[in-house]
Amino acid sequence: MDVVINGEQRHVTPGATLLELLKELDLDPRAVVVEHNRKIVRRPALGDVTVTEGDAIELVHFVGGG
Amino acid sequence: MREGGRVTTAVESIQDNLLEIGGRTFQSRLMVGTGKYPDMDTMVRAIEASGAEVVTVAVRRVNLDRSKESSVLHFLDPSKIFLLSNTAGCYTAADAIRYARLAREAGFNDFVKLEVIGDEETLLPDVAGLLEAAKVLVQEGFKVLAYTNEDLVTALRLEDLGCAAVMPLASPIGSGLGLLNPFSVRTIKRRLHVPVIVDAGVGTASDACVTMEQGVDGILMNTAIAAAQDPVAMAAAMRLATIAGRAAFLAGRMPRREVAMPSSPTKGMLD
């Protein structure tokens with residue numbers, strides 16, 4: 001199943017939750033903020049949201065800035 | 001601050017209030033950014049040397065190939081510094097709102113340094129977009145610190161909307177041109193009740209000092225420190241300059257005169 005993560009087409013396990021997706025990507029859920037189809041998904045809810053074909057997912061964090 | 005001797009400042013002789021923004025208090029009136037450093041170790045040491053408590057960060061996509069080391073939080077301790085996320089790089093109110101919401105979700109605080117940029121060459125703010133975004137974010141409970149130009153009317157509108165602080169620029173972001181319009185910045189400070197923090201444009205320590213001498217509540221800088229030949233030493237210089245400028249403002253400068261006035265007695269001269 002293909003989804004778009006941070007603007008890139010990626011193949012992910014069908015039926016995965018956002019929490020499982022982060023694990024697949026080796027990302028610590030405490031260190032990223034997840035936007036799923038333009039909606040922010042809070043950390044406690046990451047395990048409740050299932051990813052479906054074509055979803056747009058943004059994974060962001062803090063970087064250096066002024 | 002360098003090998004062979006320590007600089008100590010007589011800060012204990014300066015009576016000042018804490019800086020209060022959006023219900024939080026800070027001792028340091030210098031805030032610093034975390035961008036453009038040659039490496040993370042230099043950044044960490046520069047922040048420490050600056051004495052800043054408020055440190056700005058930006059929200060960006062995680063690099064999916066090497067996420068572990070790319071977050072600035074691997075090098076900063078959020079229990080020791082106050083993370084102020086910005087909306088840098090946003091050119092519309094909608095984008096700035098989106099970035100602010102994402103930043104808040106990181107879970108540190110509800111403060112945001114709101115930037116809505118209107119022009120790529122000068123990075124000057126889009127005032128209409130800024131006011132629009134500020135209105136929405138204040139309604140959503142954000143403590144908005146609004147980066148703006150040195151225009152009094154915009155500053156007043158931002159205060160009316162409920163911004164926690166207004167941040168007029170000294171000169172364009174990253175320019176290092178220093179405080180170009182002290183009159184306007186003083187006017188903004190005189191008319192506003194919320195803190196006025198000058199953000200952007202400082203180039204060297206004298207710029208920070210002159211800016212603080214205008215009576216503003218604080219100053220925020222990034223490039224002036226990060227792009228110095230020795231960022232850690234410049235951070236220390238900025239700390240001292242900010243303290244000096246603030247102290248001079250509180251002390252109250254002598255009036256300017258167009259003619260000389262002798263410092264030594266004119267009486268008692270020999271015949």
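Below, each value reflects all heavy atoms present in this structure, side chains not excepted, and no hydrogens, waters or symmetry copies. Reminder, nothing fancy here: chain letters follow the sequence lines and each chain counts from 1.
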* Structure fact -> In this structure, CG of B:L177 is separated from CG of B:L169 (nearest 0.5 Å) by 11.0 Å
* Mind checking the CG-CG spacing from A:L18 to A:L46? Nearest 0.5 Å is all I need. => 6.0 Å
* Asked: If we ignore angles and hydrogens, is there a donor and acceptor under 3.5 Å between the side chains of A:E24 and A:T13?
  -> yes
* Asked: Hey, does B:V185 have a side-chain heavy atom less than 4.5 Å from the side chain of B:V216?
  ->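 Heavy-atom side-chain distance check passes, below 4.5 Å.
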* Asked: Among A:G64, A:G65, A:G66, A:A31, who wins on heavy-atom pairs under 4.5 Å with chain B?
  ->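 With the most close heavy-atom pairs to chain B, the winner is A:G65.
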Where on [X] is there a heavy atom nearer than 4.5 Å to chain B: the side chain, the backbone, both, or neither?
X	result
A:V63	both
A:L59	both
A:R43	side chain

* Structure fact -> Whatever's closer than 4.5 Å to a heavy atom in chain A on B:K113 counts as side chain
* Verify salt bridge (Lys or Arg N to Asp or Glu O under 4.0 Å) between A:K39 and A:D55, making sure each step is shown before the conclusion. => CA-CA 11 Å; A:K39 239 182 95 186; A:D55 279 359; over 6 Å; no
Find the one option among [options] whose heavy-atom pairs under 4.5 Å with chain A are most numerous.
options	value
B:L220, B:L76, B:V59	B:V59
B:A103, B:A88, B:A200	B:A103
B:G107, B:A58, B:G33, B:G35	B:A58

* Tell me, please, whether B:F82 has B:R24 positioned over its six-membered ring: NZ or CZ under 6.0 Å from the ring centre and within 45 degrees of its axis? =>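 No, B:R24 does not sit over the ring of B:F82.
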